[in-house]
**Student:** 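One structure, pasted below without further comment.
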2 protein chains.
Amino acid sequence: MSVTIKDVARIAGVSPSTVSRVISNHPRISRATADKVRKIMSDLDYHPNIMAQSLVSKTTNTIAIILPRPAEELFLNLFFAEVIRGIVSQTSKAGYDLLMTSGSSQREEVEAITRLVRGRRIDGVLLLHSRNNDPLIAFLREENFPFVLIGRSPDDQEVLSVDTDNVQASYDAVMHLVMQRHERIGFVNGPPNLTVSQDRMAGYRKALQEQGLEGKPEWIVEGEFLQESGYRAMSFLMNLSERPTALVVTDDVVTFGVLRGLIELGYKVPEDIALVSFNNIALAEMSTPPISSIDIGIYQLGYTASHALLASIQNEGEGKKRVIIPHRLVVRESSLQK
Amino acid sequence: MSVTIKDVARIAGVSPSTVSRVISNHPRISRATADKVRKIMSDLDYHPNIMAQSLVSKTTNTIAIILPRPAEELFLNLFFAEVIRGIVSQTSKAGYDLLMTSGSSQREEVEAITRLVRGRRIDGVLLLHSRNNDPLIAFLREENFPFVLIGRSPDDQEVLSVDTDNVQASYDAVMHLVMQRHERIGFVNGPPNLTVSQDRMAGYRKALQEQGLEGKPEWIVEGEFLQESGYRAMSFLMNLSERPTALVVTDDVVTFGVLRGLIELGYKVPEDIALVSFNNIALAEMSTPPISSIDIGIYQLGYTASHALLASIQNEGEGKKRVIIPHRLVVRESSLQK
DNA sequence: CTGAAAGCGCTAACAA
DNA sequence: TTGTTAGCGCTTTCAG
């Protein structure tokens, strides 16, 4: 079969434990033996069996994430790829691997994670979002298993998390529209059970209230992170007798749908209605008109969360409970009065 | 620590090997014992240690993919998320996990895969693309390690692969433009070292030739799978003394850049210039104008490749060497003469 | 149908 | 500084 530590030991004329020590850079090993062993290892093209290492060391150098389920969180198509890039760039620098799993229901997700956690397959978990009464968070806390949430846990302040200040971001979006002299501002939001949606709603409400602006309930549309959601929202919103003159939209992809809907209905952006949205995906800049968007630093979210998770695995505690990645509004044509 | 097979055995009053047999649904085990043991397992919330299982079974129920590196293959932002979804839906159905790794250079990629393969960490590898003289393919072949390529290997016919017929797809795109009475057709392609780019170029050339159409070299622009590439290509193409009246673009994201470039230069699509592209991402439909695009079935590519890989892992050979996922042109406004 | 025992490849006391 | 030994948790002959 494949070459083992024993083969190396035999050929180098040392004991297996010596080889093991060389592998792990044990300090108390003579320079000469180390070099000799290393030479043999590379001659034989030896690579340690990772499973065997894990079995005894009780650590896997692997963290897991759960692939978002379709539909409900499909916005993650873009968010997802970017956040993954951030995560992997951090983990691979630290010598960790990333395991991806999925479940087609909430229950299956918990089962999958249970299998990995109890099966000692992974050292930590990265959660890409949270909702009210999230059973995954409950499970991980109960197991006292290292995990970091990208987002905010509504039920539990003690959860390690890396997040955007979505209340503030949403507030900022509204204020930008207010500065452009808009007074009737609507909101196209995502699924209301997600924490991110709740926070952005709160920021929107806060801004309206502080500015003494009227907020008609029918100006708020809740949907999914899909372009169709934005598209459909327009046929509803633009049929109101009293229409908003500006919209905050919770995701750029949704904004693409919004734009398409408006164009088909014969409206112009920003003349008839101004738009600001979130995430600042690369395509936002290439849209017609280019979309004003709040850049939440998706890559940074992934990178930082991953870093925090590894720290928590290695230090058993310590560290800030909650890290906020700063956001910034990138103003483009879609929200500018001519 | 955590509950092991011995704990279960002791409490159930049987031997560890009996418990092991229950876990693996060994046939020669009495119904009564099996039920008893299963009950205890669930009472104790026992989950087998996956590393220990792997160590002895020499199989990991895990396959790996390599995260594409930035820039060069960034188009995979969208392709990537979709293909992953296809892969995971297949693997998780079959009880496999997906491991993601990355390298910031070609050499690092090979190192990462070497570590996983020789370290017996994974059972197979899924490659998301190929280029000429791909060292990863060379390594995997040499190790005789199961892998499936999404794409086509230019150097090696024997590689298991799942692919689009890119020559034909590109040919179809050109022919669609020909049907719309275009005679001056340009091509905005991706990185020329990728097989996919080479194949699409071949299809483009073949169609022009068959139709006896002139193909000016300056109508072909090679770039990356980025919107900027498309954007930049336009300032070049539209400054030519003799301009094309239609373009085939290798990716929808690039097309967004192309559109933006054209609009800023004051051209209208499709009146001044018609566009057809590839991939049919969800946003293609929401663009202004909506983009005609060849749907290559990205999810299906991932799903099928993953299936083929698992089959190859389990059957040691057999099966078709090369599977083609059918494509279809979705015609929208960007390519229609009014 | 079930148990005892050996061993997968590696690490980590404990000795030397 | 290095070797010996005893496992990590599981599977799998081989006996019974």
Side-chain angles (χ1 to χ4, degrees), chain A residues 1-41 44-62 95 115-123, chain B residues 1-38 40-41 44-62 95 114-123:
Chain A
M1 279 291 297
S2 76
V3 22
T4 77
I5 209 173
K6 284 186 190 162
D7 301 322
V8 177
R10 187 165 29 76
I11 297 179
V14 297
S15 79
S17 38
T18 301
V19 178
S20 172
R21 288 184 182 108
V22 173
I23 294 170
S24 55
N25 289 311
H26 190 102
R28 286 189 310 207
I29 202 94
S30 83
R31 184 63 186 276
T33 1
D35 286 349
K36 180 175 61 182
V37 170
R38 258 191 273 273
K39 166 117 181 35
I40 310 263
M41 292 200 297
L44 298 182
D45 199 9
Y46 166 78
H47 289 257
N49 181 310
I50 302 177
M51 297 310 192
Q53 283 183 319
S54 287
L55 182 56
V56 38
S57 72
K58 301 200 174 317
T59 146
T60 64
N61 278 28
T62 305
R115 197 185 103 255
L116 296 175
V117 168
R118 307 286 316 248
R120 298 256 169 280
R121 177 88 201 257
I122 53 175
D123 297 340
Chain B
M1 277 292 295
S2 78
V3 22
T4 77
I5 208 173
K6 283 186 191 164
D7 302 321
V8 177
R10 189 167 26 77
I11 297 179
V14 296
S15 78
S17 34
T18 300
V19 177
S20 171
R21 289 186 181 104
V22 172
I23 293 170
S24 56
N25 289 311
H26 190 103
R28 284 186 315 203
I29 203 94
S30 83
R31 183 62 185 277
T33 349
D35 286 349
K36 181 176 61 184
V37 170
R38 258 191 273 274
I40 310 264
M41 290 200 298
L44 298 183
D45 198 10
Y46 166 78
H47 289 257
N49 181 309
I50 302 178
M51 297 310 193
Q53 282 184 321
S54 288
L55 182 57
V56 36
S57 71
K58 300 196 173 319
T59 147
T60 63
N61 278 29
T62 305
T114 305
R115 195 185 104 255
L116 296 175
V117 168
R118 306 284 317 248
R120 299 256 168 275
R121 178 74 193 267
I122 53 175
D123 297 340

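Below, chains carry the letters A, B, ... as their sequence lines are ordered, and counting in each starts from 1. Remember, predicted model here, so these are calculated numbers, not experimental data.
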**Student:** OP1 or OP2 of dT2(C) versus the side-chain N and O atoms of S30(B): is any pair under 4.0 Å?
**Tutor:**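 S30(B) to dT2(C) OP1/OP2: side-chain N or O found under 4.0 Å.
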
**Student:** On the nucleotide dT11(C), are OP1 or OP2 found under 4.0 Å from the side-chain N or O atoms that S20(A) carries?
**Tutor:** yes

**Student:** Can you name the closest pair of heavy atoms from S54(B) and T59(B) and give their distance?
**Tutor:**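 Of all heavy-atom pairs spanning S54(B) and T59(B), the closest is OG-O, 3.1 Å.
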
**Student:** For the side chain of P48(B), starting at C-beta, report the closest nucleotide among dC10(D), dC10(C), dT4(D).
**Tutor:**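 Between dC10(D), dC10(C), dT4(D), the one nearest the side chain of P48(B) would be dC10(D).
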
**Student:** In whole angstrom, give the distance that lies between atom CD1 of I50(A) and atom C1' of dC8(C).
**Tutor:** 15 Å

**Student:** Nearest 0.5 angstrom please: I23(A) CD1 to I5(A) CD1, how far?
**Tutor:** 4.0 Å

**Student:** Could you tell me how far apart H26(B) (NE2) and dT2(C) (P) are, to the nearest whole angstrom?
**Tutor:** 10 Å

**Student:** Quick check for you: to the nearest 0.5 Å, what is the distance between I122(B) atom CD1 and T60(B) atom OG1?
**Tutor:** 7.0 Å

**Student:** Ignoring hydrogens, what is the shortest heavy-atom contact between G95(A) and N61(A)? Give both atom names and the distance.
**Tutor:** O-ND2, 3.5 Å

**Student:** Under 4.0 Å, counting only non-hydrogen atoms across every strand here, what does S24(B) touch: a base, just sugar-phosphate, or nothing?
**Tutor:** nothing

**Student:** Give the rounded distance in Å between these two atoms: NZ of K58(A) and C1' of dA12(C).
**Tutor:**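 One finds 13 Å between C1' of dA12(C) and NZ of K58(A), rounded.
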
**Student:** Would you say a side-chain N or O of T18(A) is under 4.0 Å from OP1 or OP2 of dG3(D)?
**Tutor:**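 Answer is yes, contact under 4.0 Å.
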
**Student:** Calculate the interatomic distance between N25(A) atom CG and dA12(C) atom P; express it in whole Å.
**Tutor:**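 From N25(A) CG to dA12(C) P: 13 Å.
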
**Student:** Look for any protein N or O under 3.5 Å of an N or O in nucleotides 14-16 of chain C and output each such pair with its distance, or none.
**Tutor:**
none

**Student:** How many angstroms lie between atom CG of L44(A) and atom OG of S2(A), to the nearest 0.5 angstrom?
**Tutor:**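 Going from the CG atom of L44(A) to the OG atom of S2(A) covers 11.0 Å.
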
**Student:** In whole angstrom, what separates L55(A)'s CG from dC10(C)'s P?
**Tutor:** 12 Å

**Student:** What is the distance, to the nearest angstrom, from the CZ atom on R121(B) to the P atom on dG9(C)?
**Tutor:** 17 Å

**Student:** Just distance, no hydrogens or angles: give the donor-acceptor pairs under 3.5 Å from side chains in residues 7-15 of chain B, sequence neighbours left out.
**Tutor:**
from, atom 1, to, atom 2, distance (Å)
D7(B), OD1, R10(B), NH2, 2.9
D7(B), OD2, T4(B), N, 2.8
S15(B), OG, S17(B), N, 3.4
S15(B), OG, S17(B), OG, 2.9
S15(B), OG, T18(B), N, 3.4
S15(B), OG, T18(B), OG1, 3.3

**Student:** Could you give the distance from CD1 (I50(A)) to CE (M51(B)), rounded to the nearest 0.5 Å?
**Tutor:** 8.5 Å

**Student:** Which nucleotide sits closest to the side chain of Q53(A): dT11(D), dA4(C), dC10(C)?
**Tutor:** dC10(C)

**Student:** Using 0.5 Å steps for rounding, measure from the CZ atom of R121(B) to the NE2 atom of H47(A).
**Tutor:** 14.5 Å

**Student:** Whole-Å distance between dG9(D) P and H47(B) NE2?
**Tutor:**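 Those two atoms, NE2 and P, are 16 Å apart.
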
**Student:** Measure from NZ on K6(B) to P on dG7(D) and round the result to the nearest Å.
**Tutor:**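 K6(B) atom NZ is separated from dG7(D) atom P by 9 Å.
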
**Student:** Of all the choices, dT2(D), dC10(C), dG3(D), which nucleotide is nearest to the side chain of I29(A) once you look at every atom?
**Tutor:**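 From the listed options, dT2(D) comes nearest.
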
**Student:** Between the axis at one end of the helix from dC1(C)-dG16(D) to dA16(C)-dT1(D) and the axis at the other (five pairs apiece), what's the angle to 10 degrees?
**Tutor:**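 Axis angle across the helix from dC1(C)-dG16(D) to dA16(C)-dT1(D), nearest 10°: 40°.
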
**Student:** Considering only dT11(C), dG3(C), dG3(D), which nucleotide approaches the side chain of S17(A) most closely?
**Tutor:**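 Per side-chain heavy atoms of S17(A), the pick is dG3(D).
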
**Student:** Are any side-chain N or O atoms of S20(B) and backbone N or O atoms of P16(B), one a donor and one an acceptor, separated by less than 3.5 Å?
**Tutor:** no

**Student:** Using 0.5 Å steps for rounding, measure from the CZ atom of R38(A) to the NZ atom of K36(A).
**Tutor:** 13.0 Å

**Student:** Do the side-chain N or O atoms of S54(A) get closer than 4.0 angstrom to the phosphate oxygens (OP1, OP2) of dC8(D)?
**Tutor:** no

**Student:** How would you label the contact of V19(B) with the nucleic acid (heavy atoms, under 4.0 Å): base, sugar-phosphate, or nothing?
**Tutor:**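 Nothing: the residue V19(B), judged by heavy atoms under 4.0 Å, touches no strand.
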
**Student:** According to a strict under-4.0 Å criterion, is S15(B) in side-chain N/O contact with OP1 or OP2 of dG3(C)?
**Tutor:**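 For dG3(C), OP1 or OP2 has a side-chain N or O of S15(B) closer than 4.0 Å.
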
